[in-house]
2 protein chains.
Amino acid sequence: MAQESSRMRRPRADGERNRVRLIEAAKHAFAEKGAAVSLEHIAREADVSIATLYRHFPTRDELISAVYQQEVTALIESADQLMTDREPAAALREWLMLFVEFLDAKHGMAEAMDTLIGGPEPLYSRTPQRLDMPVKALVARGVATGVFRDDFEPHDLLRALSGVAHVRPYENWKWSAGQMVDILLKGMQSRPPSGGTGIH
Amino acid sequence: MAQESSRMRRPRADGERNRVRLIEAAKHAFAEKGAAVSLEHIAREADVSIATLYRHFPTRDELISAVYQQEVTALIESADQLMTDREPAAALREWLMLFVEFLDAKHGMAEAMDTLIGGPEPLYSRTPQRLDMPVKALVARGVATGVFRDDFEPHDLLRALSGVAHVRPYENWKWSAGQMVDILLKGMQSRPPSGGTGIH
DNA sequence: TTAATATACGTAGGGACCCTACGTTTATCA
DNA sequence: TGATAAACGTAGGGTCCCTACGTATATTAA
């Protein structure tokens with residue numbers, strides 16, 4: 001059996017140093033060249049061998065997750081905050097706008113969203129999809145109070161926005177994304193008392 | 001100057017044959033392994049050298065476009081049809097559902113949508129984005145009659161759906177996409193239609 | 001039929017990238 | 001200071017992208 005916690009060796013300093021350097025290099029590389037940037041390039045940039053990169057991050061996804069862990073955590077925390085401070089619809093709206101900000105800040109990372117919100121390859125993306133929780137909770141609250149319909153998948157809000165984010169090159173993509181948030185929120189309202197939209 | 005049309009040599013039979021074989025092989029490969037499948041694999045499958053593939057399709061985008069030209073053309077034509085047969089909202093709804101069907105049929109092609117509806121790399125995707133026209137027209141008609149708001153980018157409807165389509169692995173993705181169509185349509189209405197909404 | 005020529009073809013190879021095996025170095029702890 | 005676990009780098013096989021270049025062949029005109 002492996003040693004228990006008390007008897008464990010302290011992690012080596014060089015290992016931790018290199019881990020940090022890799023994350024830093026990856027953050028720059030992702031921002032500059034997109035999520036598909038070569039891992040060897042990242043390793044070179046971090047002044048570390050390619051084998052070391054693989055030792056720390058066996059898959060590309062794990063590196064991506066590590067790079068954005070901080071931002072994702074912040075996003076999750078602001079969801080908690082908004083849920084206590086705002087009404088369901090306003091909370092979700094603001095949170096989705098934060099998500100858009102996040103997408104905006106990560107220039108060229110739209111493709112990597114697969115990693116963070118769940119993408120096409122179930123085996124490729126095994127990292128826990130941490131953004132699943134907050135969006136689900138935000139929506140559930142609105143469903144509970146009857147302002148949101150419940151016949152849709154909360155996750156798809158993120159996927160839709162991430163789809164819109166693919167248009168980054170255009171100058172006004174962020175405006176577009178903001179409008180999309182508005183459309184989504186309007187569209188997911190449960191029918192107003194006056195009458196249904198009737199379109200079927 | 002190059003010879004004018006009357007004096008032009010007939011295209012070589014082997015060239016046309018190989019072109020067809022490449023498209024066929026690519027269609028299979030895309031369906032089976034996704035849009036990122038190796039071009040060399042496609043060439044092997046078509047029993048043709050890699051150089052021949054590049055001669056016929058200098059870029060991956062051109063191959064993708066060729067593979068789906070038929071389907072995209074059909075989609076464009078049904079937009080025309082729907083515009084004459086249906087009221088704006090119903091026409092757009094049905095057309096978006098056709099688009100979802102299209103995404104569904106192209107198992108694993110969500111990534112390739114960049115090529116067809118306009119993706120992240122303006123230089124990468126130079127092929128004419130033929131789906132831009134129909135969605136614009138369908139939306140414009142609804143804007144003209146006042147049932148749709150006009151402060152959004154029609155293109156983003158496609159992008160949003162293509163984002164949702166990234167979730168293919170889940171069994172119910174198509175249901176999800178259908179719900180998303182509903183949400184989008186509801187969200188883009190200019191006002192809750194008090195009277196009978198425009199469909200009969 | 002055959003010669004001429006445009007057209008298409010395949011082989012080969014450089015360069016980038018992914019990933020792993022394996023031997024070496026180094027930081028920690030006794 | 002020596003032992004040992006932990007981390008490191010080099011090297012290399014395999015795949016892929018893309019191009020250069022010489023060869024083969026379908027078409028057309030003689």
Side-chain angles (χ1 to χ4, degrees), chain A residues 1-23 25-26 29-30 32-64 66 111-112 115 121 123-126, chain B residues 1-26 29-30 32-64 66 111-112 114-115 121 123-126:
Chain A
M1 296 226 103
Q3 301 281 35
E4 275 310 298
S5 52
S6 66
R7 275 233 151 293
M8 282 187 49
R9 228 173 172 151
R10 185 206 308 173
R12 284 177 52 158
D14 53 351
E16 296 197 313
R17 174 175 48 83
N18 285 339
R19 181 167 220 280
V20 170
R21 294 173 76 159
L22 279 166
I23 290 179
F30 287 151
E32 193 158 331
K33 311 197 168 196
V37 64
S38 119
L39 297 177
E40 305 207 319
H41 171 81
I42 293 176
R44 280 194 298 274
E45 213 66 15
D47 242 313
V48 142
S49 84
I50 181 64
T52 292
L53 184 150
Y54 274 99
R55 214 169 291 113
H56 284 286
F57 307 102
T59 69
R60 179 181 294 266
D61 271 2
E62 283 173 72
L63 181 53
I64 291 175
E111 316 89 351
T115 295
E121 297 291 337
L123 357 112
Y124 182 64
S125 211
R126 274 243 167 281
Chain B
M1 297 213 107
Q3 300 283 36
E4 275 312 298
S5 53
S6 65
R7 273 232 153 293
M8 279 184 53
R9 226 170 173 156
R10 186 205 307 175
R12 280 177 57 158
D14 53 352
E16 296 197 312
R17 173 175 49 82
N18 285 340
R19 181 167 219 280
V20 170
R21 294 173 77 159
L22 280 166
I23 290 179
E24 214 56 34
F30 287 152
E32 193 157 330
K33 312 199 167 192
V37 63
S38 119
L39 297 178
E40 303 206 320
H41 172 82
I42 293 176
R44 279 193 298 274
E45 212 65 14
D47 242 315
V48 142
S49 84
I50 180 64
T52 292
L53 184 150
Y54 274 99
R55 215 169 291 115
H56 283 286
F57 306 102
T59 70
R60 178 180 294 265
D61 270 3
E62 283 175 72
L63 181 53
I64 292 175
E111 317 90 351
D114 292 349
T115 295
E121 297 292 336
L123 359 112
Y124 182 65
S125 210
R126 275 243 167 279

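A, B, ... follow the sequence lines: proteins, then strands. Residue 1 opens every chain. In what follows, every heavy atom counts, from backbone to side chain, and hydrogens, waters and symmetry copies are set aside.
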Round to the nearest Å and state the distance from [X] atom [atom1] to [N] atom [atom2].
{"X": "E62(A)", "N": "dC18(C)", "atom1": "CD", "atom2": "P", "result": "16 Å"}
{"X": "R21(A)", "N": "dA7(D)", "atom1": "CZ", "atom2": "C1'", "result": "14 Å"}
{"X": "F57(B)", "N": "dC17(D)", "atom1": "CZ", "atom2": "P", "result": "15 Å"}
{"X": "D14(A)", "N": "dA5(D)", "atom1": "CG", "atom2": "P", "result": "17 Å"}
{"X": "H41(A)", "N": "dG15(C)", "atom1": "NE2", "atom2": "P", "result": "20 Å"}
{"X": "I42(B)", "N": "dT15(D)", "atom1": "CD1", "atom2": "C1'", "result": "15 Å"}
{"X": "E45(B)", "N": "dT15(D)", "atom1": "CD", "atom2": "P", "result": "15 Å"}
{"X": "R17(B)", "N": "dA26(D)", "atom1": "CZ", "atom2": "P", "result": "9 Å"}

Would you say [X] places a side-chain N or O within less than 4.0 Å of OP1 or OP2 belonging to [N]?
{"X": "N18(B)", "N": "dA8(C)", "answer": "no"}
{"X": "R10(B)", "N": "dA8(C)", "answer": "no"}
{"X": "T52(A)", "N": "dG9(D)", "answer": "yes"}
{"X": "S38(B)", "N": "dC16(D)", "answer": "yes"}
{"X": "H56(B)", "N": "dC9(C)", "answer": "yes"}

Nearest heavy-atom pair of N18(B) and V48(B): which atoms, and what distance? OD1-CG2, 3.6 Å

For a quick test of your reading: what N or O donor-acceptor pairs under 3.5 Å do the side chains of residues 35-47 of chain A make, sequence neighbours left out?
| unit_1 | atom_1 | unit_2 | atom_2 | d |
| --- | --- | --- | --- | --- |
| S38(A) | OG | E40(A) | N | 3.2 |
| S38(A) | OG | H41(A) | N | 2.8 |

Do I23(A) and F57(A) make a side-chain contact, defined as non-hydrogen atoms from C-beta onward lying under 4.5 Å apart? yes

So if I take every side-chain heavy atom of A13(A) and compare against dA27(C), dG10(C), dT10(D), which nucleotide ends up nearest? dA27(C)

Scan nucleotides 4-6 of chain C against the protein and return all N/O pairs shorter than 3.5 Å with their distances rounded to 0.1 Å.
| unit_1 | atom_1 | unit_2 | atom_2 | d |
| --- | --- | --- | --- | --- |
| dT5(C) | O2 | R9(B) | NH2 | 3.1 |
| dA6(C) | O4' | R9(B) | NH1 | 2.7 |

Distance, nearest 0.5 Å, that separates OH of Y54(B) from CD of E62(B): 12.0 Å

Measure the CD1-OG1 distance between I64(A) and T59(A) for me, rounded to the nearest 0.5 Å. 8.5 Å

Enumerate all atom pairs, one protein N or O and one N or O from nucleotides 18-23 of chain D, separated by less than 3.5 Å.
| unit_1 | atom_1 | unit_2 | atom_2 | d |
| --- | --- | --- | --- | --- |
| dC18(D) | OP2 | Y54(B) | OH | 2.7 |

Quick one: label R44(A) by what it contacts on the DNA or RNA (base, sugar-phosphate, nothing), any heavy atom closer than 4.0 Å. sugar-phosphate

Going by salt bridge (charged side-chain N to carboxylate O under 4.0 Å, His left out), name the pairs with one or both residues in residues 14-26 of chain B, residues two or more places apart or in two chains. R12(B)-D14(B)

